[in-house]
Amino acid sequence: MRVATWNINSLRLRIDLLRRLVQQEGCDVICLQEIKVEDGLFPLEAVKALGYPYVRFHGMKGYNGVAILSKIPFEVMDPRNWCLKGDARHAHVILGGDVELHNFYIPAGGDIPDPDTNVKFAHKLQFLDELKAHFAAGSKAGASAKGKAIMVGDLNIAPLEEDVWSHKQLLNVVSHTPIEVEKLNAVQKAGKWIDAVRQITPAPTKLFSWWSYRSADWTQNDRGRRLDHVWVTPTLSKRVRHATILRDMRAWTQPSDHVAVIVDID
DNA sequence: ATGGTGGTCCTACCA
């Protein structure tokens, strides 16, 4: 089973790039973030025509929004109302009655890494605390699927030194601050999650999935960050065969600032 | 220390 996660930054604007991804990689399941479309305007027929008859979408006007496109039937689970905001950052399904799948879009957190002066950063930290509690010991991660669970998404945090172009220069930059990394690690530990991409390509190899738009040339000095992740439970980690970050997508015409991350699981 | 680009939707807001 090939699973992809991609922050598409507007599904309607980039549906042709989604088609290109499908033609090139032939994924079984695609998890999207920042679809930026309210449910009544979701391009359902166009998505089905790409070969995905099973579609879960959870969106809102203008911002955020997540979707799961699948060739495998699934049962839709209720998303939690994270931070009581109702802001369409989570989709949850059970694939084939067998594998639990979560798709998250964690808040970016604004510019200033101080929860007392920046409500967006406070929101991000609260979201991480709620995720930790959700996946805490005895909780549900994989429980409904005999320990087989996958968590993907734009987590908006680059946890390792080798997940950013310069650890030293980004230590005080939102996405790589110690408090965010610590809280993300706590989420990982609570759910017994294993980073499938780093299982295949460990540090110190640098890996990035996002390059800012705010640069004339994104390849200049390769100033990227790894914000997009695929985590699996221990049962599934034994079956991870391949993991790739599709860096070339950043060079496509009118690209998203994120590229897709792909994992193959037997 | 600053400003850089791109998305939605039409006025700022978010990334």
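Atoms considered below: every heavy atom in the structure, side chains included; atoms not considered: hydrogens, waters and symmetry mates. Residue numbers start from 1 in every chain, and the chains themselves are labelled A, B, ... in the order their sequence lines are given, proteins ahead of strands. Computed from a predicted model, the values in this text were never measured in an experiment.
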Atom [atom1] of [X] to atom [atom2] of [N]: distance rounded to whole Å?
X	N	atom1	atom2	value
A:Q254	B:dT8	CD	C1'	13 Å
A:L155	B:dA15	CG	P	15 Å
A:K61	B:dG7	NZ	P	19 Å
A:W252	B:dG6	CH2	P	18 Å
A:Y213	B:dG6	OH	P	8 Å
A:D111	B:dG4	CG	P	15 Å
A:D217	B:dT5	CG	P	13 Å
A:Q220	B:dG3	CD	P	21 Å

(Q) I want to check one thing: is the phosphate of B:dA15, taken as OP1 and OP2, less than 4.0 Å away from some side-chain N or O of A:Q33? (A)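 Indeed not, no polar side-chain atom of A:Q33 lies that close.
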
Q: Considering just the side-chain nitrogens and oxygens of A:S215, establish if one lies under 4.0 Å of OP1 or OP2 belonging to B:dG4.
A: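 Negative; the distance criterion is not met.
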
Q | 5' precedence on DNA chain B between A:N7 and A:P255 (nearest-nucleotide basis) | A | A:P255

Q: Using heavy atoms to find the nearest nucleotide of DNA chain B for A:L13 and A:H258 separately, return the residue whose nucleotide is more 5′.
A: A:L13

**Q.** Ion pair check, A:R225 and A:D163, cut-off under 4.0 Å
**A.** no

Q | A:H229 side-chain N/O to A:I157 backbone N/O, donor-acceptor pair under 3.5 Å | A |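 Yes.
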
Q) Does a donor on one side chain and an acceptor on the other come within less than 3.5 Å for A:H258 and A:Q33? A)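 Checked: A:H258/A:Q33 side chains show no N/O donor-acceptor pair below 3.5 Å.
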
Q: List the steps and the verdict of ring pair (Phe, Tyr, Trp, His ring centres under 6.0 Å) for A:F135 and A:W193.
A: CA-CA 9 Å; A:F135 290 123; A:W193 297 109; 5.3 Å; yes

Roughly how many Å apart are [M] and [N], using the [atom1] atom of each and rounding to a whole number?
N	M	atom1	answer
B:dA15	B:dG4	C1'	13 Å
B:dG6	B:dT2	P	23 Å
B:dG7	B:dG3	P	22 Å
B:dC10	B:dC14	P	15 Å

Nucleotide N/O to protein N/O under 3.5 Å, stretch nucleotides 12-14 of chain B:
| from | atom 1 | to | atom 2 | distance (Å) |
| --- | --- | --- | --- | --- |
| B:dC14 | OP2 | A:K120 | NZ | 3.4 |

Per-pair distances, 0.1 Å, donor-acceptor, side chain in residues 65-77 of chain A, under 3.5 Å, sequence neighbours excluded:
| from | atom 1 | to | atom 2 | distance (Å) |
| --- | --- | --- | --- | --- |
| A:S70 | OG | A:I72 | N | 2.8 |
| A:S70 | OG | A:I72 | O | 2.6 |

Q: Could you tell me if the ring centre of A:H58 sits under 6.0 Å from that of A:H90?
A: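 Between A:H58 and A:H90, the centre distance exceeds or equals 6.0 Å.
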
Q. By ring-ring contact (aromatic ring centres under 6.0 Å, His included), which residues pair with A:F127, not counting sequence neighbours?
A. A:W82

Q.
Partner lookup for B:dG6, please. Criteria are Watson-Crick or G-U wobble with both distances under 3.5 angstrom; report none if nothing qualifies.
A. B:dC14

